[in-house]
> 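Sharing a structure here in structure tokens format.
Order of appearance sets the numbers: ligands from 1, and atoms from 1 within every ligand. Positions are given from 1, in the same order as the sequence printed here.
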Amino acid sequence: MKNSFDIGPSRNQVQAHRGASAVAPENTLAAFRAAAEQGALWVELDVALLGDNTLVVIHDDSVDRTTSGQGSLGDLTAGDIASLDAGSWFDPKFSGERLPTLEQVIGVLGELGLSANVEIKQHKHHKSLAHLVHAVQAAIVGRGSKTEIMISSFDPEALKAMHVLEPGLEMAMLWSSPPPDWEELLKAIPSKTIHLNYKALSIGFLEETTRKDIKVRAWTSNNPSELISFWGAGLAGVITDNPKLFLE
Ligand code: G3P
Ligand code: CA
């Protein structure tokens with residue numbers, strides 16, 4: 001139980017990075033279920049297109065690191081990935097986890113009462129931004145009433161295109177550190193949210209963004225003590241592999 005001396009995020013400010021990826025294979029249904037078990041309300045996940053325009057939840061541009069298969073996403077189809085094991089690389093007890101589509105994940109998040117920060121990855125094999133953003137829109141349209149969606153990306157063009165399709169959604173610009181012209185870049189999307197590498201946070205930047213009504217969340221921190229001084233300066237949230245650490 002929190003008391004007035006605790007400095008930390010509220011439950012709504014904690015997002016499980018690729019699900020609870022410290023305890024389950026990233027970007028799988030198991031990782032999203034683990035996030036819910038840890039008490040998270042939000043998950044962050046990554047999306048990309050296969051060669052046949054199926055929108056899947058995966059971080060890399062190939063299946064090599066996180067599945068039993070091999071190959072670039074652009075050379076694979078839904079049929080190719082259907083039988084890949086996306087859990088054993090992490091721990092044999094997760095054998096049989098599949099590489100999910102965003103549509104499948106949205107369905108499970110609805111059952112779990114979770115909301116999602118959908119990070120649009122822009123990979124070289126993506127032939128068209130229009131295909132990518134329309135696939136995201138098609139997948140999120142079936143979300144349950146308790147599933148809130150926000151979009152994030154390192155690619156401002158993806159956020160701009162998504163904003164045209166879904167002007168009501170929060171769009172978060174991802175930066176490793178704020179570029180000198182960050183304010184103009186944000187206005188062009190338009191967005192009032194920055195997701196920043198926690199190593200680039202400063203009290204001064206948070207005070208300025210808070211004054212300008214711009215939200216800043218930090219990625220990817222797995223140590224609550226490294227953010228402790230930032231909550232009082234207006235930090236709006238954290239993206240973490242281990243939500244339990246920030247929720248207890
Ligand atoms: O949401 C921020 C974070 O997920 C960005 O980095 O490489 O883990 O997708 P990455
Ligand atoms: Ca991500």
> Could you identify the single nearest non-hydrogen protein atom to atom 5 (C) of ligand 1 and state the distance to 0.1 Å?
Glu119 OE1, 3.6 Å
> Closer than 3.0 Å to the Ca ion (ligand 2), how many protein N/O/S atoms do you count?
3
> Is any side-chain N of the basic residue among Arg33 and Glu97 closer than 4.0 Å to the acidic one's carboxylate O?
no
> Taking C-beta and beyond as the side chain, do Ile120 and Phe154 meet within less than 4.5 Å on heavy atoms?
no
> When you check the side-chain N and O atoms of Asn223 and Ser225, is any donor under 3.5 Å from an acceptor?
yes
> For a 4.5 angstrom cut-off between non-hydrogen side-chain atoms, does Arg65 reach Glu26?
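When only atoms from C-beta onward are counted, Glu26 and Arg65 do touch, with a gap below 4.5 Å.
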> Hey, mind stepping through His125 and Leu73 against side chain to side chain contact (heavy atoms under 4.5 Å, CB included) and telling me if it holds?
CA-CA 8 Å; His125 73 270; Leu73 300 186; 3.6 Å; yes
> Considering only non-hydrogen protein atoms, determine which one is nearest to atom 3 (C) of ligand 1 and report residue, atom name and distance to 0.1 Å.
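Protein heavy atom with the smallest distance to atom 3 (C) of ligand 1: His17 NE2, 3.7 Å.
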> Is there a donor in the side chain of Asn222 and an acceptor in the side chain of Asn242, or the other way round, less than 3.5 Å apart?
no
> Show, in sequence, the C-alpha distance, side-chain angles and deciding distance for Thr54 and Asp52, and conclude whether the side-chain hydrogen bond (donor to acceptor under 3.5 Å, both in side chains) test is met.
CA-CA 6 Å; Thr54 303; Asp52 64 355; 2.8 Å; yes
> Are Leu76 and Val56 packed together at the side-chain level, in the sense that at least one heavy-atom pair is separated by less than 4.5 angstrom?
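Sidechains of Val56 and Leu76: no contact.
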> Kindly confirm or rule out an N or O of His195 lying under 3.5 angstrom from an N or O of ligand 1.
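Among all N and O atoms of His195, none is under 3.5 Å from an N or O of ligand 1.
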> In ligand 1, which numbered atoms sit nearer than 4.0 Å to a non-hydrogen atom of Asp46?
9 (O)
> Quick one: look up the protein heavy atom nearest atom 9 (O) of ligand 1 and list residue, atom name and how far away it is.
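Checking every protein heavy atom, the shortest distance to atom 9 (O) of ligand 1 gives Lys121 NZ, 2.7 Å.
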> Does any N/O atom on Trp219 come nearer than 3.5 Å to any N/O atom on ligand 1?
no
> Considering only heavy atoms of His59, which atoms of ligand 1 have at least one such atom less than 4.0 Å away?
7 (O), 8 (O), 9 (O), 10 (P)
> Under a 4.0 Å N-O cut-off, is there an ion pair linking Lys187 with Glu184?
no
> For atom 4 (O) of ligand 1, what's the nearest protein heavy-atom neighbour? Residue, atom name and distance, please.
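Checking every protein heavy atom, the shortest distance to atom 4 (O) of ligand 1 gives Glu44 OE2, 2.8 Å.
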> Within a distance under 4.0 Å of any heavy atom of Arg18, pick out the atoms of ligand 1 and give their elements.
7 (O), 8 (O), 10 (P)
> Please determine, by modelled atom types, if Ser21 and Asp241 share a side-chain donor-acceptor pair under 3.5 angstrom.
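Looking only at side-chain atoms, Asp241 and Ser21 do form a donor-acceptor pair, the distance falling under 3.5 Å.
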> Could you list which atoms of ligand 1 come closer than 4.0 Å to a heavy atom of Ile239?
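Those qualifying, in numeric order: 1 (O).
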> So Leu159 and Met173, do their side chains get closer than 4.5 Å, heavy atoms only?
yes
> Go through ligand 1 atom by atom and flag the ones less than 4.0 Å from a non-hydrogen atom of Leu174.
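Within the 4.0 Å cut-off of Leu174, ligand 1 contributes 1 (O), 2 (C).
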